[in-house]
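Since this is a predicted model, take the numbers as computed values, not measurements.
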Amino acid sequence: MILPEMNLVNSYPLGQWGIGFDVETQKIPEVCPKCATLTNVTYDHRIVKIKDTPIRNKANLWRLKKRRLKCKNKRCGCIFTEPTKGIRKGHRTTQRFKASVTWAAEKYSNLKDVRSNFRCSSRMVYTSFYQTLELRRRRRAHPFPKYIGIDEHSIRKPKYKEVEFATMVVDHSHKRVFELVDGRTIESLEKALNSIPGRENVEAVSLDMWEGYRTFVKRNFPNAIMVCDRFHVVRLFNRLVNRYRKTATGDDRKNPIRKLLLRNSKNLKHYEKSAIKRWLAQYPHIREIYEYKEAICRFYRCRGQHKAKLIFKNLMDRMGHSKLMKVETLRKTLASWRTEILNFHKARISNGRTEGFNRKTKLIQRRGYGYKNFENYRLRVLNDCY
């Protein structure tokens with residue numbers, strides 16, 4: 001109930017609010033902070049009010065009687081207050097009280113409940129919680145790993161203003177969020193990540209098809225290859241299939257052919273494949289795009305870099321003979337990202353884990369009803385996604 005090196009003198013009720021205790025420190029010698037002389041000479045006493053962890057949902061308040069000691073060394077003569085283990089200098093709460101507040105802040109649905117249950121100020125809750133998260137972050141600080149993923153997610157959508165983004169760097173090797181950066185510009189990424197050591201350790205980086213990330217990786221990770229996320233590549237074909245499908249069926253989301261066209265044919269049953277084949281026979285232009293989509297799926301299923309290059313080259317040649325304007329635009333996009341797409345068969349990593357952590361950050365935002373302070377949001381994400 002009380003800390004070591006303390007004696008309980010008396011206890012008394014504080015009504016429904018809590019329980020009070022009269023506590024005093026044990027009379028043991030202390031070391032002078034100036035000359036390091038051991039002394040036990042009492043100069044006078046001070047009474048300090050200290051708040052400790054609640055007992056059975058009731059506040060626990062101490063009246064701690066502390067000694068002020070005088071150094072035995074006549075040349076020094078320093079007068080100082082004895083230190084107390086478990087209570088930091090100048091603080092009016094115990095360390096275990098702060099630990100309890102931090103635990104509650106992680107478990108409760110909102111910090112307002114923590115403030116009411118522990119009968120402390122909002123400032124106490126925030127400082128205790130986020131100081132603990134910052135200490136944890138510093139203990140977990142590591143150099144860059146071998147494989148990382150980069151992706152962004154929105155953090156604010158102000159009215160009549162541009163959407164504000166945060167960039168997440170994921171450690172694929174240890175399955176955790178490595179860092180969170182405010183913004184997605186090259187300048188903001190370099191400012192936040194250049195102080196982290198070990199950039200030469202990175203061998204592969206997974207990223208989506210955004211030119212800013214490609215430029216950033218080229219500048220800052222000299223030994224890394226870039227791997228374009230396969231989900232974003234396949235999605236380009238799915239969108240094109242869906243776009244031309246709407247010209248035939250209209251924007252009917254309940255139409256069963258919609259889901260069948262977007263699924264991988266490898267996962268379809270025999271009668272589903274037959275239904276798609278009969279339907280596509282009526283629309284040659286949709287069948288052409290559907291075949292391109294299946295070809296890129298076969299590209300990602302194959303094994304071996306040489307075989308993958310042949311499949312990709314064959315796909316690009318077929319798309320080059322197409323008369324559809326959208327197919328020509330898609331082919332140019334694939335050509336500009338050819339090296340990054342083929343690198344999948346060297347590193348075989350994707351941004352799937354990064355997208356999963358992005359989903360978790362949305363839950364963190366929703367649970368906290370948004371975050372005004374980005375640093376608090378960053379600490380929360382790094383702690384919950386470790």
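- Counting only residues at least two apart or on different chains, the ring-ring contact (aromatic ring centres under 6.0 Å, His included) pairs with a member in residues 240-281 are Tyr244-His285, Trp279-Tyr283.
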Go through it in stages, so that I can follow the logic: the residues are Lys323 and Glu328, the test is salt bridge (Lys or Arg N to Asp or Glu O under 4.0 Å), and I'd like the CA-CA distance, side-chain angles, deciding distance and then a yes or no. CA-CA 8 Å; Lys323 297 180 180 180; Glu328 183 181 351; over 6 Å; no
If you apply the rule side-chain hydrogen bond (donor to acceptor under 3.5 Å, both in side chains), what do you find for His91 with Lys98, and how did you get there? CA-CA 11 Å; His91 289 238; Lys98 291 185 177 180; 2.6 Å; yes
Under the criterion side-chain contact (heavy atoms from CB on, under 4.5 Å), I'd like the reasoning laid out for Met124 against Thr93: C-alpha separation, chi angles, the key distance, then a yes or no. CA-CA 10 Å; Met124 176 67 194; Thr93 57; 3.6 Å; yes
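- The hydrophobic cluster containing Leu61, built from Ile/Leu/Val/Met/Phe/Trp/Tyr side-chain heavy atoms closer than 4.5 Å, also comprises Tyr12, Leu14, Trp17.
- Annotation: cation-pi pair Arg92/Trp62 absent, no NZ/CZ under 6.0 Å from the ring centroid and within 45° of its normal.
- Neither side chain, Tyr126 nor Gln131, offers a donor N or O lying under 3.5 Å from an acceptor on the other.
- To the nearest 0.5 Å, atom CG of residue Leu280 and atom CG of residue Leu260 are 10.0 Å apart.
- Taking the charged nitrogens against the carboxylate oxygens, Lys346 and Glu340 have no contact shorter than 4.0 Å, which rules out a salt bridge.
- Under the rule for a side chain to side chain donor-acceptor pair (under 3.5 Å), Gln282 has no partner lying at least two apart in sequence or in another chain.
- Side-chain N or O atoms of Ser336 include one that pairs as donor or acceptor with a backbone N or O of Thr333 at under 3.5 Å.
- Between the side chains of Lys112 and Ser122, no donor-acceptor pair of N or O atoms lies under 3.5 Å.
- When the side chains of ILVMFWY residues are joined at heavy-atom separations under 4.5 Å, either directly or via intervening members, Leu379 and Val114 end up in a single hydrophobic cluster.
- In summary, Glu211 and Arg214 engage in a salt bridge, as defined by a charged side-chain N under 4.0 Å from a carboxylate O.
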Report the C-alpha separation of Phe312 and Phe299 in whole Å, then their side-chain angles, then the decisive distance to 0.1 Å, and conclude whether the ring-ring contact (aromatic ring centres under 6.0 Å, His included) test is met. CA-CA 7 Å; Phe312 190 80; Phe299 165 80; 5.6 Å; yes
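- Asn343 contributes a side-chain N or O that, together with a main-chain N or O of Thr339, makes up a donor-acceptor pair within less than 3.5 Å.
- In this view, Asp44 and Arg46, Arg68 satisfy the side chain to side chain donor-acceptor pair (under 3.5 Å) rule, not counting sequence neighbours.
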Give the intermediate values and the outcome of side-chain hydrogen bond (donor to acceptor under 3.5 Å, both in side chains) for residues Gln365 and Tyr377. CA-CA 8 Å; Gln365 293 177 28; Tyr377 173 63; 2.9 Å; yes
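- Under 3.5 Å, the side chains of Arg318 and His321 contain no donor-acceptor pair of N or O atoms.
- The pair Glu179-Arg378 meets the salt-bridge criterion, since a charged nitrogen lies less than 4.0 angstrom from a carboxylate oxygen.
- Residues in residues 148-198 take part in these ring-ring contact (aromatic ring centres under 6.0 Å, His included) pairs, two or more places apart or across chains: Phe144-Phe178.
- At a threshold of 4.0 Å, the pair Arg67-Glu82 counts as salt-bridged, since one of the basic side-chain nitrogens sits closer than that to a carboxylate oxygen.
- Side-chain N or O atoms of Asn242 include none that pairs as donor or acceptor with a backbone N or O of Asn238 at under 3.5 Å.
- Taking the charged nitrogens against the carboxylate oxygens, Asp171 and Lys175 have no contact shorter than 4.0 Å, which rules out a salt bridge.
- Ion pairing of Asp52 with Arg96 is present here, as a side-chain N (NZ or NE/NH1/NH2) and a carboxylate O approach within less than 4.0 Å.
- Looking at Arg138 and Glu134, a side-chain N of the basic residue comes within less than 4.0 Å of a carboxylate O on the acidic one, giving a salt bridge.
- Through side-chain heavy atoms spaced under 4.5 Å, either directly or across other Ile, Leu, Val, Met, Phe, Trp or Tyr residues, Tyr369 is tied to no other residue.
- Sparse packing is recorded around CZ of Arg239, with 12 or fewer heavy atoms of other residues, nucleotides or ligands lying under 6.0 Å away.
- The hydrophobic cluster containing Tyr108 also contains Phe129, counting ILVMFWY residues as joined when their side-chain heavy atoms lie under 4.5 angstrom apart, directly or transitively.
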Might you work through the side-chain hydrogen bond (donor to acceptor under 3.5 Å, both in side chains) test for Asn358 and Asp151, ending with a clear yes or no? CA-CA 8 Å; Asn358 277 341; Asp151 199 9; 3.2 Å; yes
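- Rounded to the nearest 0.5 angstrom, Asn383 CG and Arg140 CZ are separated by 5.0 Å.
- The two residues Thr53 and Asn60 come nearest to each other via the heavy atoms O-CB, 3.3 Å.
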